[in-house]
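Just so we're on the same page: letters track the sequence lines, and every chain starts at 1.
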There are 2 protein chains.
Amino acid sequence: MTEAAAPRKGRPRSADADAAILAATREALAELGWGGVTMGDVAVRAGVAKTTLYRRWPSKNELVVDAVAVLFDELRMADLGSLRADIEAVVRQFAGLLARPESQAALLALFAEASRDPALRRRVREAIIDPQKRLVHQGRAAAQARGELAPDAGPEAAREDVDIIFDTIAGAVEHRMLVSGECASPEWISRFTTLLLTPLTSKPDQNPAGSV
Amino acid sequence: MTEAAAPRKGRPRSADADAAILAATREALAELGWGGVTMGDVAVRAGVAKTTLYRRWPSKNELVVDAVAVLFDELRMADLGSLRADIEAVVRQFAGLLARPESQAALLALFAEASRDPALRRRVREAIIDPQKRLVHQGRAAAQARGELAPDAGPEAAREDVDIIFDTIAGAVEHRMLVSGECASPEWISRFTTLLLTPLTSKPDQNPAGSV
DNA sequence: CTTCTTTCGCTACGAGTCGTAGCGTATATC
DNA sequence: GATATACGCTACGACTCGTAGCGAAAGAAG
């Protein structure tokens, strides 16, 4: 991510080693979980020396963040022409990501560590949370442009809406797949989208927001 | 939980030690997080020998499950007379639970470990997930009795509804507080409840459920 | 091609933790 | 009192983390 690679003087670091280490980390993560991953094991899997790992990442935490963050780069926001289709697409992509075994143990363990380590938390925020929120923002902007949203949404309300939607979508999918331990079937995605969708497009019976 | 304490022959185990160990575990969890908790440290905090811990719990995982599961016993489902009030109460209770520092690191770490260890997963399910789902079921039954739900909900749809609602409520609150790292303010709870509520009480514009 | 700089693999190390074993002592029931 | 179990204490082997030092390899600069 920080690619300001100023080509220095001596022998450059092997890009192959970087890729091998990250792949080995994900592989070990899928097999053993966060607590089971050891730097020595990752080094053996990647075919490099353990010292090579510590030359690039200061600690196991940082290594795993990088190894996991790559997975989120696949997620895209496509304008499919309707809010419902867009939301279902996002949910489906996210569910597909979480269905991969290397994500299962990695994500929760990463969040768990981040809940304690402020530096790690900031890295997770920058590498994962913020990009995801930008995706939701894109989708919301597209829906707004199509006139599918209530027109009274100011720029401030938009930010809060995105936060709520993001937490709800991500949280529900994560909870179903990682905590309840059940898959997100197409029917579940459809039902969940229906649950989400209506209050965005129609006026709820009572709206007491603002009573803080 | 398994209180079938058949009074055996020799010296009985100290109930005080049990309580002290569990309390010390939660305390250490709040300060150090899952990865920072060590059995030796817990033993010192509780004022017992490390061997005493291993006489009761086979491993750190099991100990932490028991220490954390107690927190969920506080959650109650009160019939407040309206679906909206009931949901807000549940969300508020859950948010209050997750706001406590000993829950923050514990829950995600526990789920993370459970995502890999089947036995631990079963324990989490029995001690935490299932009781929570029963709470949601109670709330749904109360709302149904008050005629606040669409009457076409059969017993099978009810189960799936409860699953979706549970995953959505728990997931959204967890994600906001533990991943996004922001508090669940009263206004956020109100907005989130509004988001949840409408599709439960009114018919969505399109309902393509069943197209599996 | 030569020199220089950096990386690489290897081995070894101190510190810390896990979970277990053995012992003498304390505290209950029979 | 006899017996059986829990308890505190110490020590232990195995494992992991993260670091240090070494010679060798691989590019970059001249």
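Of the candidate nucleotides D:dT16, C:dT20, C:dG9, D:dT16 has the atom lying nearest to any side-chain atom of A:T38. With D:dG8, C:dG9, D:dG18 as the choices, the nucleotide that has an atom nearest any side-chain atom of B:T52 turns out to be D:dG8. The listed nucleotides are C:dG19, C:dA28, C:dG9; the one nearest the side chain of B:K50 is C:dG19. With D:dG18, C:dT5, C:dC30 as the choices, the nucleotide that has an atom nearest any side-chain atom of A:Y54 turns out to be D:dG18.
One atom, CG of B:L63, and another, C1' of C:dT17, lie 15 Å apart when rounded to the nearest Å. Atom pair B:K60:NZ and D:dT16:C1' shows a separation of 12 Å (rounding to whole Å applied). Between A:D16 atom CG and C:dT7 atom C1' there is a gap of 14 Å when expressed in whole angstrom units. One can place CZ of B:R55 at 10 Å from C1' of D:dC9, the figure rounded to the nearest angstrom. The interatomic distance linking B:L53 (CG) with D:dA6 (C1') rounds to 14 Å, in whole Å. In this structure, the CE atom of A:M39 is 21 Å from the P atom of C:dA15, given to the nearest Å. Between the CH2 atom of A:W57 and the P atom of D:dC17 there is a distance of 15 Å, rounded to whole Å.
Taking OG1 of B:T168 as the start and CZ of A:F192 as the end, the distance is 4.5 Å to the nearest 0.5 Å.
At D:dA25, none of the side-chain N or O atoms of A:R11 fall inside 4.0 Å of OP1 or OP2 (strictly under the cut-off).
Under the side chain to side chain contact (heavy atoms under 4.5 Å, CB included) rule, B:R26 has a single partner from B:L71, B:V42, B:I21, which is B:L71.
Residues B:R134 and B:Q138 bring no donor and acceptor atom of their side chains to less than 3.5 Å of each other. A donor-acceptor contact under 3.5 angstrom links the side chains of A:S190 and A:R84, judged on distance only.
Using cut-offs of 30° and 60° for the angle between ring planes, the A:F166 and B:H175 rings count as perpendicular.
Nearest-nucleotide mapping onto DNA chain D: of A:V37 and A:G10, the residue sitting toward the 5' end is A:V37.
At a threshold of 4.0 angstrom between heavy atoms, the contacts of B:T51 include nucleobase atoms, whether or not backbone atoms are also involved. Residue A:G36 is classed as having no contact, given no heavy-atom separation below 4.0 Å to the nucleic acid.
Not a single donor-acceptor pair, N or O on each side, falls under 3.5 Å between the base of D:dG27 and the side chain of A:R13.
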